[in-house]
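Structure first, commentary second.
Quick note: residue numbers are just sequence positions, from 1. Computation of the quantities below employed the complete heavy-atom set of this structure, encompassing side-chain atoms and omitting hydrogens, waters and symmetry-equivalent molecules.
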Amino acid sequence: MKQAISHVDARRLEQALLAGIANVFRQRDHINAINVFPVADSDTGTNLVFTLASVRRAIEGQPARNLPELLRGVADAALDGARGNSGAIMAQYFQGLSESSRDFQVLDGQRLATVSAAGARSAWSAMSEPVPGTLPTVLEDFADELMRVARDGVDDIREMFRRGLERARKSLAGTPDQLAALRDAGVVDAGAQGFVDLLEGMWGYMQSGKIPRFADKAEVPPTASTGGHAAPDRHRFCTECLIEGTELDVAGLRERLDQLDASSLVVAGGERRARVHIHTDSPGEIFSLCGEFGELTQQKADDMTRQHGLMNHQGQVAILTDSAADLPAEEIERLGIHVVAVRLNFGDEEFLDKLTMTPSQFYARLADSPVHPQTSQPPPADFRRQYELLTSHGLEVLGVQLSGRLSGTLQAARQTAERVDPERIEVMDTRNAACGQGLMVLWAAEAAAKGWERVAIRSKLTEMRESFKTFALARDLSWGVRGGRIKPWMEKLARSLRLNPILTASPEGDLVARGVIPGRKRTVEKFARYLLRRMNDDATYRVIISHTDAEADAKDLRKRILAGHPRVDACWVVEASPAVGAHAGPGTLIAGMHVWKPPEARHD
C-alpha cells in the first residue's frame, strides 16, 4: 500500500500540474474532434493546449519557492495564454485557486477541498450565461466530492483525489444529459474532457512519481460528428483581449459587455489583469470598450465561420496570407483563404488591420489625428494560432506573405512555422505586396482547391513570381517618407516637378519607382494607358485594383482597362488595406496584373 499523502507543497503541486498538462497535450486531437459546443469548430483541444502551454513555461522557467507564488504565477500565465471559451474558464479557475490560497504554504486535505471549491465558484462567476453540462459543471462536481470526502474525515490527499477524479469522470459522462447539442452529436463536452484529462495526468503522477514526456505532435483522428451544426450566422468573431491596470473593475466590465449584442462572454482575472472572451460581429467595439477599463496588452479576433469551414475544406493544403494582400472579400470566402492581420497603431492605440480598423474608419481617423499611424508585423502568437488550428484539422499550410524587404511579417511567419511544425508548414516570400500579392494568393488557393500538393504550389508560384506585377500611382509621397518606405529626396523631387511616380515591386521585393505621370490632370486616364501598354493583347489577364479612399478613381480605372483590353478574365476593385494606406496616404491607386492560366485539376 502506498504511503498516505498528508499535504501538498509547491514542489509537489507544480510537478503534478506538469504531468496533467502533458496528458492534455497528448489528448489534444481527441478533444478537438469532439468539440461541438458552443461552436463546432474543432479547436477546444488546441485552445486548452495553448492556455496550458503558457502555464508550463511559467513553471519550468522559474520554479516556485512557495505555494502562493506558484499559484499566482500559474494564474497569471493562464491569463496570458488563455484562448477560447474553455481556456478563459480554466484561467479563471486558476485565478480562484490562487486568490483562495494566498495564506497557505501547503495544502492539507481540507485546504485542498476549500481552494478547489473556490476555483469552481470563480469559474462559474466568470461566465455571463453559465451553461450546465459544460466545463464549470465538472469543476464544481470535482470540488463538491473533495468537500464531501473531507467532511467524512478522509485526510489522505491521494485517496481524496482518487474519489474526486471518479466523480469528475461520472460528471463528464453525464454532460450529454444536460446539453442537447452534446447528446445530438454523441459526445461529451470538450472543455470538460480537457479538465478530466488534466486530472488523469495528475493522478498518474501521484501513482508513479513520474512526469510523462510531452508529445510534440499527435496524429489527427477523424473529426467526430457535429450533429449537423451549422456555422454561426451571427456573432462570427471569437474575440479576446488581455487588460492590465490597477484595481480593475471586473464586475463593471462584465456588466458593460453583457449589454452588447454578443454571446459566450467570459471575463477572467482579478484587480490587476483580466482576460475577456466574447463572440461578436464587432470586435472593434469590444476592444474600444475594454480600453476604457485598462491598457490592452493583447487582442485577437478569429473568424469562427472560417474555422467551421475547415471541416469541408477543399484539398489538403490551406493557404494563409497577411492583410497586406489586397483581396476581394468574396474570393476569400469562396476559396477559404486565411488572413493574419497586420497591426496598426495610432499612438498607443493598436488595431487589427481590416478587422478592428476598416478602411473608412482609418481615413476618418487619419483626417483628425495629429499622430501619424504606424504599422507593425503580426506577433508570432497570431501565426501560431492559425498554424495550430489548420494542422489540427489535418491540413498542410502554405504561407504566401508580404515581401520580406518591406516588412518583418515574413520572418515572423517563418520562425513560428519552424517552431510549430516545419514538416507541414511552409512560408514563401512573394517579393510583392498589395494587389500583386493578392493575385498570388488567389492562384495558390485555386490550385489548393484543385488538389495540388503544397510543394507543387510553392514551386509553381516561385517559377511564376515575376509575372505577378504591381503598379502604384502615388500622388503624395510624403506619406511614404513618414512611414520610412520612400526616400525624402524622391518626395521633394516629385513635388517640385509635379510628378506622380509609379512605384512597383522589384524582382528582389523592394519598392522602386519605374515611371512617372506628369501633371495633376487626367492622371487616371494616363495611368490606364501606362498599364495597357504593358499588357499583351493575346494574353488573358486577371486584375485587382485597390485604392486608398479613392473609389471613384478606381472604378474609372477599371472601366478604362476593360475597354482597352479584349481579354480580362476578372477585374476586381477593392479597398486597400489601412496598413497600405498608412504608407501610401489617401488617393493612391494600385493595380495588380497577372497573365491568367488557371491551375489544372490534380488527380493524384
Side-chain angles (χ1 to χ4, degrees), residues 28-29 32 41-43 45-47 49-50 53 83 216-221 223 300 302-325 327 331-342 377-404 407-430 432 437-438 440-462 465 599 602 604:
R28 180 198 68 181
D29 294 318
N32 280 337
D41 50 11
S42 301
D43 68 349
T46 299
N47 288 343
V49 164
F50 198 92
R83 191 163 116 189
D216 295 324
K217 300 176 187 174
E219 293 299 321
V220 181
T223 301
K300 70 94 173 171
D302 289 335
D303 187 338
M304 295 184 294
T305 300
R306 180 63 39 73
Q307 293 177 358
H308 187 277
L310 291 175
M311 299 174 191
N312 300 307
H313 190 280
Q314 294 179 301
Q316 294 300 311
V317 180
I319 302 302
L320 182 144
T321 190
D322 50 76
S323 62
L327 288 161
E331 293 301 291
I332 293 176
E333 294 294 329
R334 180 177 72 88
L335 294 168
I337 298 166
H338 301 269
V339 182
V340 175
V342 173
Q377 66 200 47
D382 286 7
F383 285 106
R384 185 182 188 92
R385 191 166 60 249
Q386 290 284 347
Y387 292 157
E388 290 182 339
L389 173 69
L390 296 169
T391 55
S392 71
H393 284 76
L395 297 169
E396 294 191 356
V397 181
L398 177 62
V400 184
Q401 310 296 162
L402 171 65
S403 171
S407 169
T409 299
L410 175 73
Q411 183 179 10
R414 278 182 171 163
Q415 289 177 345
T416 308
E418 284 293 322
R419 290 194 293 269
V420 174
D421 192 342
E423 293 182 5
R424 291 194 289 169
I425 305 169
E426 186 173 6
V427 177
M428 71 168 292
D429 186 349
T430 62
N432 216 315
Q437 180 187 352
M440 294 183 74
V441 172
L442 287 182
W443 194 95
E446 293 270 15
K450 291 183 178 181
W452 284 48
E453 295 180 345
R454 170 174 54 85
V455 173
I457 299 172
R458 187 260 302 152
S459 297
K460 188 63 175 178
L461 270 184
T462 301
R465 185 159 45 196
R602 292 292 176 97
D604 297 329

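Judged by distance alone, with hydrogens and angles left aside, the side-chain atoms of Lys450 form a donor-acceptor pair with the main-chain N or O of Pro599 at under 3.5 Å. Remark: the backbone N or O of Ala413 is not paired with any side-chain donor or acceptor of Thr416 at under 3.5 angstrom. Side-chain N or O atoms of Asp322 include one that pairs as donor or acceptor with a backbone N or O of Leu402 at under 3.5 Å. A donor-acceptor contact shorter than 3.5 Å links the side chain of Asn32 to the backbone of Thr46. Checked by atom type and distance alone, the side chain of Arg458 never pairs as donor or acceptor with a backbone atom of Gly399 at under 3.5 Å. At least one donor-acceptor pair closer than 3.5 Å links the side chain of Thr430 to the backbone N or O of Gln401.
Counting heavy atoms from C-beta on, the side chains of Arg465 and Met428 come closer than 4.5 Å. No side-chain heavy atom of Ile319 sits under 4.5 Å from any side-chain heavy atom of His338. Between Thr321 and Val340, every side-chain heavy-atom pair lies at or beyond the 4.5 Å cut-off. Tyr387 has its side chain out of reach of Arg424: every pair of non-hydrogen atoms, C-beta onward, lies at least 4.5 Å apart.
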Practice problem: With side-chain contact (heavy atoms from CB on, under 4.5 Å) as the test, would you mind laying out the steps for Leu442 and Ile337 before giving the verdict? | Solution: CA-CA 8 Å; Leu442 287 182; Ile337 298 166; 4.1 Å; yes
Quiz item: Between Val397 and Phe383, is a side-chain contact (heavy atoms from CB on, under 4.5 Å) present by the stated rule, with each step listed?
Solution: CA-CA 11 Å; Val397 181; Phe383 285 106; over 6 Å; no
Quiz item: Between Glu446 and Trp452, is a side-chain contact (heavy atoms from CB on, under 4.5 Å) present by the stated rule, with each step listed?
Solution: CA-CA 9 Å; Glu446 293 270 15; Trp452 284 48; over 6 Å; no
Quiz item: Does the side-chain contact (heavy atoms from CB on, under 4.5 Å) test come out yes or no for Ser403 and Asp429, once each step is laid out?
Solution: CA-CA 6 Å; Ser403 171; Asp429 186 349; 4.1 Å; yes
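Pro378 approaches Ala341 most closely through the heavy-atom pair CG-O, 3.3 Å. Between Ala324 and Gln437, the shortest heavy-atom contact is C-OE1, 3.8 Å. Looking at every heavy atom in both residues, Arg419 comes nearest to Pro380 through NH2-CB, 3.7 Å. Looking at every heavy atom in both residues, Ala444 comes nearest to Val400 through CB-CG2, 4.3 Å. Between Gly315 and Leu395, the closest heavy-atom pair is O-CD2, 3.9 Å. Gly408 and Gln377 make their closest contact through CA-OE1, 3.0 Å (heavy atoms, listed as atom of the first residue, atom of the second, distance).
Here the CD-OG1 distance, from Gln386 to Thr391, works out to 11.0 Å after rounding to the nearest 0.5 Å. Atoms CD and NE2, on Gln316 and His393 in that order, are 12.5 Å from each other to the nearest 0.5 Å.
Contact check on Arg384 versus Asp382 returns no salt bridge, with no Lys/Arg side-chain nitrogen under 4.0 Å from an Asp/Glu carboxylate oxygen.
Legend: residues meeting side chain to side chain contact (heavy atoms under 4.5 Å, CB included) with Arg454, ordered by chain and number and at least two apart, are Val317, Glu396, Leu398, Glu426.
Atom CD of Gln411 sits in a sparse spot, with 12 or fewer heavy atoms from other residues, nucleotides or ligands closer than 6.0 Å.
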